[in-house]
A.B. asks: 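One structure is given below, represented as structure tokens, and several questions about it will come after.
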Amino acid sequence: MIGAGIGGLTASIALARAGYEVVVVERDDTPMPSDVEGAFAWDRRGAPQVRHTHGFPALIRATLRDHFPDVLTALLDAGVREVSVLPAAVTPDVADYERHKEDLQVLATRRTTLEFVLRRCALGERGVEFVTGAAVEGLAVGDGAVRGIRLHSDVIEGDVVVAASGRRCAAPAWFAEHGLHVEEEEHPTGTIYLSRFYRSDEAPMGYVGGRRAGLGFVVAGADNGAYSATLAVPADDAELRAHLLDEDHFEAVLPLFKEMRPVVERQGEPLTGVQTMGGLINRIRRYPRLDGFFAIGDSHTCTNPLYGRGSSLAVLQAVLVRDALEGGEDYEAASQRRVEPWYEMSLLTDKPEAANLSGFDLQSMRRATVSDDPEVAVQMTRMMSLLTTPTELFSDPALVARLQAAGEPKPKPPPAKVLTRDDFLRAGA
């Protein structure tokens with residue numbers, strides 16, 4: 001197992017419980033913290049994104065519930081919260097109400113808390129061994145199959161190699177050493193993120209985001225009173241980025257978005273300064289067939305992190321690897337069916353001129369999610385929660401017709417003020 005992030009840890013637990021001996025090779029070599037607050041300060045040079053806002057849609061909770069219920073319990077014991085996203089229009093008389101009520105819950109947590117609990121669970125598994133402070137330099141291959149991994153001065157033999165080392169995974173170079181080409185399609189998101197964490201006795205619940213005047217914004221509740229606010233700035237707008245890196249300016253911009261005002265009103269204690277994250281991409285890799293090799297998470301498919309899908313998809317792929325090794329559906333076929341539609345969705349959403357799926361644009365989807373039509377609202381929420389793929393949702397012509405009707409703009413008065421980039425630059429000045 002190359003990498004001890006969310007995907008690698010989940011896959012390690014899944015494979016150990018299926019009877020495999022698992023060696024987790026992790027480049028970072030830092031002491032395991034003793035609690036979730038120590039985990040928030042954890043020095044993870046290989047994972048600089050951990051102290052940014054993360055969304056954890058219903059898919060990750062449902063996957064843990066169905067396959068690793070003890071891990072879900074450990075998360076709740078660590079202060080992670082379950083938050084319902086059941087639409088208001090879905091009442092007990094709606095078909096499958098109890099199923100929807102149970103399924104449509106998201107996890108409110110910091111990524112560091114999730115990784116800390118997963119790592120503690122993986123360390124407790126018989127058959128899981130950790131090798132830390134070791135960088136993988138290539139694959140050991142023989143007779144058309146993987147035979148292990150190469151470190152600087154050692155080879156670790158194995159019948160299966162799972163690459164779970166994130167978007168910087170060097171797997172294409174490893175394959176090239178053996179004359180194999182990895183097809184890769186990559187599209188920059190065109191954004192840089194700026195995030196800040198807070199703590200309050202009245203921390204907000206759930207996850208709210210949007211985009212206005214070219215600036216993306218997200219507020220996300222987390223565990224143990226923590227929550228975060230993130231602004232997504234165009235990557236080529238150096239002036240605005242520099243302005244928002246100033247803590248006072250960052251705080252002054254938040255209340256310009258009505259959805260962010262509850263963050264400001266809580267006057268939470270800042271836990272971090274304003275942190276920045278760049279180099280964000282949508283990318284998919286298509287690996288040539290090499291028996292015993294799997295790539296999961298961002299090593300396989302990257303989606304714009306603003307939409308909060310990456311961690312959930314990595315956990316799903318961890319289960320897909322186990323199922324494939326146990327004689328289930330072919331891994332790449334399963335990933336193409338259940339993961340790749342979210343790459344297409346992210347790519348389309350990031351390109352306004354092409355942001356549609358079956359003629360249904362993102363704003364229409366959001367309107368449909370709060371539709372008075374309960375069937376429309378619940379099916380859209382299931383999709384936004386990753387429990388249903390866009391491909392599955394839009395394959396039903398009758399439902400698509402109802403979605404389009406529900407997504408029609410409703411007449412409303414024009415806003416009293418339209419936000420502009422100049423408003424952001426003046427804030428806090």
Side-chain angles (χ1 to χ4, degrees), residues 1-52 54-56 59-83 105-134 162 164-166 197 199 220-226 228 271 296-298 310-319 321-322:
M1 188 68 58
I2 306 172
I6 290 172
L9 292 170
T10 306
S12 297
I13 295 168
L15 293 174
R17 293 181 181 184
Y20 294 88
E21 295 180 0
V22 182
V23 178
V24 182
V25 181
E26 167 61 30
R27 180 175 57 182
D28 291 336
D29 186 17
T30 54
M32 176 75 171
S34 59
D35 56 31
V36 297
E37 299 310 323
F40 191 61
W42 206 353
D43 180 16
R44 296 282 311 286
R45 289 180 297 171
Q49 73 277 26
V50 294
R51 278 180 290 277
H52 284 266
H54 280 72
F56 299 99
L59 173 64
I60 190 170
R61 176 189 170 274
T63 304
L64 295 174
R65 176 198 66 194
D66 295 344
H67 299 277
F68 315 101
D70 58 314
V71 176
L72 179 57
T73 297
L75 285 166
L76 299 179
D77 289 344
V80 175
R81 295 175 295 166
E82 296 174 309
V83 181
Q105 298 184 62
V106 303
L107 295 179
T109 180
R110 290 168 286 185
R111 172 167 170 159
T112 53
T113 299
L114 177 58
E115 285 199 17
F116 169 74
V117 172
L118 283 171
R119 190 155 179 167
R120 191 168 59 186
C121 290
L123 286 166
E125 287 291 330
R126 180 180 301 174
V128 175
E129 173 189 352
F130 277 75
V131 176
T132 59
V162 181
S165 50
F197 272 83
R199 173 170 283 120
D223 59 280
N224 297 291
S228 63
L271 297 178
I296 67 176
D298 285 353
S311 298
S312 294
L313 296 177
V315 168
L316 171 62
Q317 285 186 306
V319 173
V321 167
R322 181 204 63 189

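Small disclaimer: the values here were computed from a predicted structure and weren't measured.
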A.B. asks: Kindly write out the residues that satisfy side chain to side chain contact (heavy atoms under 4.5 Å, CB included) with Thr10, not counting sequence neighbours, or none if the list is empty.
C.D. replies: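 Only Ile6, Phe68, Leu118, Val315, Ala318 meet the side chain to side chain contact (heavy atoms under 4.5 Å, CB included) criterion with Thr10.
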
A.B. asks: Start with the C-alpha distance between Val162 and Val22, add both sets of side-chain angles, then the distance that settles side-chain contact (heavy atoms from CB on, under 4.5 Å), and finish with yes or no.
C.D. replies: CA-CA 10 Å; Val162 181; Val22 182; over 6 Å; no

A.B. asks: Are the ring centres of Phe40 and Phe197 closer than 6.0 Å?
C.D. replies: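 Centroid distance Phe40-Phe197: below 6.0 Å, so yes.
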
A.B. asks: Determine, step by step, whether Phe116 and Val36 satisfy the side-chain contact (heavy atoms from CB on, under 4.5 Å) criterion, reporting the C-alpha distance in whole Å, the side-chain angles of both residues, the deciding distance to 0.1 Å, and the verdict.
C.D. replies: CA-CA 7 Å; Phe116 169 74; Val36 297; 3.9 Å; yes

A.B. asks: Do Arg120 and Glu115 meet the salt-bridge criterion of a basic N to acidic O distance under 4.0 Å?
C.D. replies: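 No, no charged N to carboxylate O under 4.0 Å.
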
A.B. asks: Which heavy atom of Gly3 sits nearest to which heavy atom of Val24, and what is that distance?
C.D. replies: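 Minimum heavy-atom contact is O-CG1, 3.9 Å.
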
A.B. asks: To the nearest 0.5 Å, what is the distance between OG1 (Thr112) and CZ (Arg119)?
C.D. replies: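 Between Thr112 OG1 and Arg119 CZ, I get 13.0 Å after rounding to 0.5 Å.
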
A.B. asks: So do Val319 and Arg322 actually touch side chain to side chain, heavy atoms under 4.5 Å?
C.D. replies: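 Yes, their side chains come closer than 4.5 Å.
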
A.B. asks: Can a donor-acceptor pair be found, under 3.5 Å and without considering hydrogens, that links the side chain of Trp42 to the backbone of Glu37?
C.D. replies: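 Not a single qualifying donor-acceptor pair exists.
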
A.B. asks: Is there a donor-acceptor pair under 3.5 Å between the side chain of Glu21 and the backbone N or O of Gly127?
C.D. replies: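 It does not hold such a pair.
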
A.B. asks: Atom CG in Leu72, atom CZ in Arg65: separation rounded to 0.5 Å?
C.D. replies: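 If I round to the nearest 0.5 Å, the distance is 9.0 Å.
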
A.B. asks: Find out whether Met1 and Val128 are in side-chain contact, i.e. whether some heavy atom of one side chain is under 4.5 Å from a heavy atom of the other.
C.D. replies: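 Result no, sub-4.5 Å side-chain heavy-atom pair not found.
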
A.B. asks: Would you give the length of the straight line joining atom OG of Ser165 to atom CZ of Arg27, rounded to the nearest 0.5 angstrom?
C.D. replies: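 Those atoms lie 8.0 Å apart.
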
A.B. asks: Can you tell if the side chain of Asp77 reaches within under 4.5 Å of the side chain of Val117, non-hydrogen atoms only?
C.D. replies: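 Counting from C-beta outward, Asp77 and Val117 never come under 4.5 Å.
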
A.B. asks: Between Asn224 and Val80, is the side-chain contact (heavy atoms from CB on, under 4.5 Å) condition met? List the steps.
C.D. replies: CA-CA 7 Å; Asn224 297 291; Val80 175; over 6 Å; no

A.B. asks: If I compare all heavy atoms of Leu9 with all of Ala4, which pair ends up nearest, and what's the gap?
C.D. replies: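 Looks like CD1-O, 3.4 Å.
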
A.B. asks: For the residue pair Ser311 and His54, establish whether any side-chain heavy-atom pair is separated by less than 4.5 Å.
C.D. replies: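 SC-SC contact between Ser311 and His54 confirmed.
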
A.B. asks: Working to the nearest 0.5 Å, report the span between OG of Ser312 and CG of Leu59.
C.D. replies: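 Here the rounded value is 5.0 Å.
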
A.B. asks: For Val83 and Ala108, which heavy atoms make the closest approach, and how far apart are they?
C.D. replies: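 Where Val83 meets Ala108 most closely, the heavy atoms are CG2-CB, 4.0 Å.
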
A.B. asks: Any non-hydrogen side-chain atom of Val106 less than 4.5 Å from a side-chain atom of Phe56?
C.D. replies: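 They are not in side-chain contact.
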
A.B. asks: For side-chain contact (heavy atoms from CB on, under 4.5 Å), just list the numbers for Leu123 and Met32, CA-CA rounded to whole Å, side-chain angles, deciding distance to a tenth of an Å, and then say yes or no.
C.D. replies: CA-CA 10 Å; Leu123 286 166; Met32 176 75 171; 4.3 Å; yes

A.B. asks: Would you say Val25 and Val23 make side-chain contact, with heavy atoms under 4.5 Å?
C.D. replies: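 Touching, per the 4.5 Å side-chain cut-off.
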
A.B. asks: Going by atom types only, do Arg17 and His67 share a side-chain donor-acceptor pair under 3.5 Å?
C.D. replies: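 Judged by distance alone, the side chains do not pair up.
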
A.B. asks: Does any N or O in the side chain of Asp28 come within less than 3.5 Å of the main-chain N or O of Thr30, such that one atom is a donor and the other an acceptor?
C.D. replies: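 Not confirmed, Asp28 side chain does not pair with Thr30 backbone.
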
A.B. asks: For Ala222 versus Arg81, what's the shortest heavy-atom pair and its separation?
C.D. replies: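 Between these two residues, the closest heavy atoms are O-NH2, 2.7 Å.
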
A.B. asks: Can you name the nearest heavy-atom pair linking Leu271 to Ala226, along with the distance?
C.D. replies: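 Nearest pair, atom of Leu271 first, then Ala226: CD1-CB, 4.3 Å.
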
A.B. asks: Counting distance only, does the side-chain N/O of Thr113 pair as donor-acceptor with the main-chain N or O of Thr109 below 3.5 Å?
C.D. replies: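 Here the side-chain-to-backbone pair does not exist.
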
A.B. asks: Taking all non-hydrogen atoms of both residues, which atom of Ile296 and which atom of Gly7 are closest, and how far apart?
C.D. replies: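 Nearest pair, atom of Ile296 first, then Gly7: CD1-O, 3.4 Å.
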
A.B. asks: Quick check against the 3.5 Å criterion: does Asp223 have a side-chain atom that pairs as donor or acceptor with the backbone of Leu75?
C.D. replies: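 Judged by distance alone, no pair lies under 3.5 Å.
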
